[in-house]
Amino acid sequence: MSQLSTRIIPAYTDNYIFTVEDAENSNLVLVIDPGEASTLIKDLESRKNVKLKILITHHHWDHVDGLSELTQNFSCEVWGPEVSRNKVPEIQHGLKGGERLQIAGLHFDVLKLPGHTLDHLAYFEAEKGWLFSGDVLFRYGCGRLFEGDFSTAYQSLQQIKSLPDSTLVYCTHEYSQKNLEFSMAWAKKQQNQNLLKKLVEAHQEITALREKNQPTIPFLLGKDKMLNPFLLAQTPEEFKELRSARNNF
Ligand SMILES: [Zn+2]
């Protein structure tokens, strides 16, 4: 792929589906987490020979429910967690994490990031600096723990934190505003005026985008490393306290 562009397709109330497309090869589309199929099918119906390469981050319905319709309408190749192939039969290529995937000229490092779910993977393209993080890291927040424990989820966030500041994060949900409200309340409680001031500025920026109905995704990892309380947490215990407070916010 040479002239690549990413596209954000809203789905359900606050989900995003991402595509990567190549201006020079319009018959190949990379899709990440198609939670539903209708927008993509409508979009691509004029391109009869289009082939889809699909990456799945984890087994939750709002990330995989579009697969069966897409595979009926297009030639598809699907990668996703090996452990979830029984739940998601469309996954043809099972991944465990640690692999290097070459798809359509891109090179993805497959990161194993359990916590939100145990099967969770993320896809990092080092040259482009793109991270498709599913439901592990959100802008100014992180995913709820459905299957993993606090220390597992903390370690997964540390793994993301070790990626370059210039990484652009494509997360699957538009939770930035709510996450910021929590983060501001948290900073206030900690009497961290410096952080609070920066969060208030970020809140203005995010609110302006949302008022224009624009996504706040992708976002710069470096900025989140400075402002996201879940990335600022120094220990699994601190992370646990934060995550529990966020669950009740
Ligand atoms: Zn999920």
Side-chain angles (χ1 to χ4, degrees), residues 8 10-18 32-36 55-66 80-81 83-84 87-88 97 111-124 131-161 163 167 169-190 199 202-203 206 210 215-219 221 223-225 227-249:
I8 302 177
Y12 302 114
T13 34
D14 49 38
N15 276 68
Y16 291 129
I17 299 164
F18 304 112
I32 296 95
D33 281 355
E36 59 122 30
L55 300 176
I56 298 296
T57 60
H58 65 297
H59 67 83
H60 281 163
W61 68 272
D62 59 323
H63 297 249
V64 302
D65 268 14
V83 289
S84 295
K87 293 184 196 128
V88 188
L111 311 180
K112 184 174 159 59
L113 300 175
H116 173 70
T117 57
L118 291 177
D119 69 337
H120 209 300
L121 303 172
Y123 300 94
F124 178 57
L131 175 70
F132 295 98
S133 68
D135 287 354
V136 177
L137 179 73
F138 296 127
R139 191 166 186 180
Y140 307 114
C142 77
R144 200 178 271 268
L145 275 60
F146 286 103
E147 296 172 8
D149 58 28
F150 289 104
S151 94
T152 308
Y154 175 76
Q155 290 311 326
S156 291
L157 285 179
Q158 294 306 301
Q159 236 195 102
I160 292 182
K161 210 176 161 179
L163 298 175
T167 303
V169 183
Y170 291 80
C171 64
T172 310
H173 288 278
E174 183 59 73
Y175 290 159
S176 311
Q177 244 174 335
K178 179 87 177 166
N179 284 337
L180 267 171
E181 283 160 23
F182 167 76
S183 301
M184 289 189 295
W186 179 261
K188 217 175 217 172
K189 198 176 157 209
Q190 305 298 310
L199 289 169
H203 190 254
I206 294 295
R210 294 310 294 150
T216 66
I217 312 301
F219 64 90
L221 181 61
K223 193 171 176 193
D224 241 52
K225 284 186 197 177
L227 297 181
N228 183 335
F230 297 92
L231 290 179
L232 290 167
Q234 297 291 316
T235 61
E237 291 71 29
E238 199 182 321
F239 171 74
K240 181 179 178 180
E241 197 188 331
L242 258 167
R243 189 57 251 179
S244 308
R246 176 68 178 88
N247 289 350
N248 298 316
F249 184 69

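Sequential numbering from 1 along the given sequence is applied to the chain's residues.
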>> Within the 4.5 Å heavy-atom criterion, are Y140 and K223 side-chain neighbours or not?
In response: yes

> How would you list, by chain and number, every residue that makes a ring pair (Phe, Tyr, Trp, His ring centres under 6.0 Å) with F146, sequence neighbours excluded?
Replying inline: H60, H116

> Do L131 and Y170 pass the side-chain contact (heavy atoms from CB on, under 4.5 Å) test, and can you show the C-alpha distance, the side-chain angles, and the key distance before you say yes or no?
Replying inline: CA-CA 6 Å; L131 175 70; Y170 291 80; over 6 Å; no

> For the residue pair A202 and L227, what are the closest heavy atoms and their distance?
Replying inline: CB-CD1, 4.4 Å

> Do you know the tightest heavy-atom contact between C171 and L137?
Replying inline: CB-O, 3.2 Å

>> Applying salt bridge (Lys or Arg N to Asp or Glu O under 4.0 Å), can you list everything that pairs with K188, at least two apart in sequence or on another chain?
In response: none

> Any side-chain heavy-atom pair from N179 and R246 closer than 4.5 angstrom?
Replying inline: yes

> How many angstroms lie between OG in S133 and CD1 in I32, if you round to the nearest 0.5 Å?
Replying inline: 11.0 Å

>> Give me the atom names and distance for the closest heavy-atom approach of W186 to P229.
In response: CD1-CB, 4.1 Å

>> Evaluate V169 against D224 for side-chain contact (heavy atoms from CB on, under 4.5 Å), listing each step before the verdict.
In response: CA-CA 10 Å; V169 183; D224 241 52; over 6 Å; no

> With F138, which residues qualify under ring pair (Phe, Tyr, Trp, His ring centres under 6.0 Å), at least two apart?
Replying inline: H173, Y175

> Heavy atoms, side chains only, cut-off 4.5 Å: are Y16 and I217 in contact?
Replying inline: yes

>> Could you check whether any side-chain heavy atom of C142 comes within less than 4.5 Å of a side-chain heavy atom of R243, counting everything from C-beta outward?
In response: yes

>> Tell me every residue that passes side-chain hydrogen bond (donor to acceptor under 3.5 Å, both in side chains) with S156, counting only those two or more places apart in sequence or in another chain.
In response: none

>> To the closest 0.5 Å, what do you measure between OH (Y154) and CD (Q234)?
In response: 6.0 Å

>> When you compare the side chain of H59 with that of V64, does any pair of heavy atoms fall below 4.5 Å?
In response: no

> What are the two closest non-hydrogen atoms of L118 and G148, and how far apart are they?
Replying inline: CD2-CA, 3.9 Å

> Would you say the side-chain atoms of E147 and H58 include a donor-acceptor pair closer than 3.5 Å?
Replying inline: no

> Under the 3.5 angstrom rule, does the side chain of S84 hit a backbone N or O of K87 as a donor-acceptor pair?
Replying inline: no

> Are any non-hydrogen side-chain atoms of D33 and I56 less than 4.5 angstrom apart?
Replying inline: yes

>> Distance check, rounded to the nearest 0.5 Å: L199 atom CG versus N228 atom CG?
In response: 9.0 Å

>> Side chains of L221 and L163, heavy atoms from C-beta outward: is any pair under 4.5 Å?
In response: yes

>> Counting only heavy atoms from other residues, nucleotides and ligands, does the tally under 6.0 Å from NZ of K161 exceed 12?
In response: yes

> Atom CG in L113, atom CG in D119: separation rounded to 0.5 Å?
Replying inline: 11.0 Å

>> Tell me every residue that passes side-chain hydrogen bond (donor to acceptor under 3.5 Å, both in side chains) with T152, counting only those two or more places apart in sequence or in another chain.
In response: D149

> Can you list every pair that meets salt bridge (charged side-chain N to carboxylate O under 4.0 Å, His left out) and has a residue in residues 173-185, with sequence neighbours left out?
Replying inline: E174-R210

> Roughly how far, to the nearest 0.5 Å, is CZ of F150 from CD of Q155?
Replying inline: 14.5 Å

> Quick one: CG on L157 to CZ on F230, what's the gap to the nearest 0.5 Å?
Replying inline: 8.5 Å

> Do you know the tightest heavy-atom contact between T216 and S176?
Replying inline: OG1-OG, 2.5 Å

> Okay, side chain of D62, backbone of N15: is any donor-acceptor separation there less than 3.5 Å?
Replying inline: no

> Is any side-chain heavy atom of Y12 closer than 4.5 Å to a side-chain heavy atom of D65?
Replying inline: yes

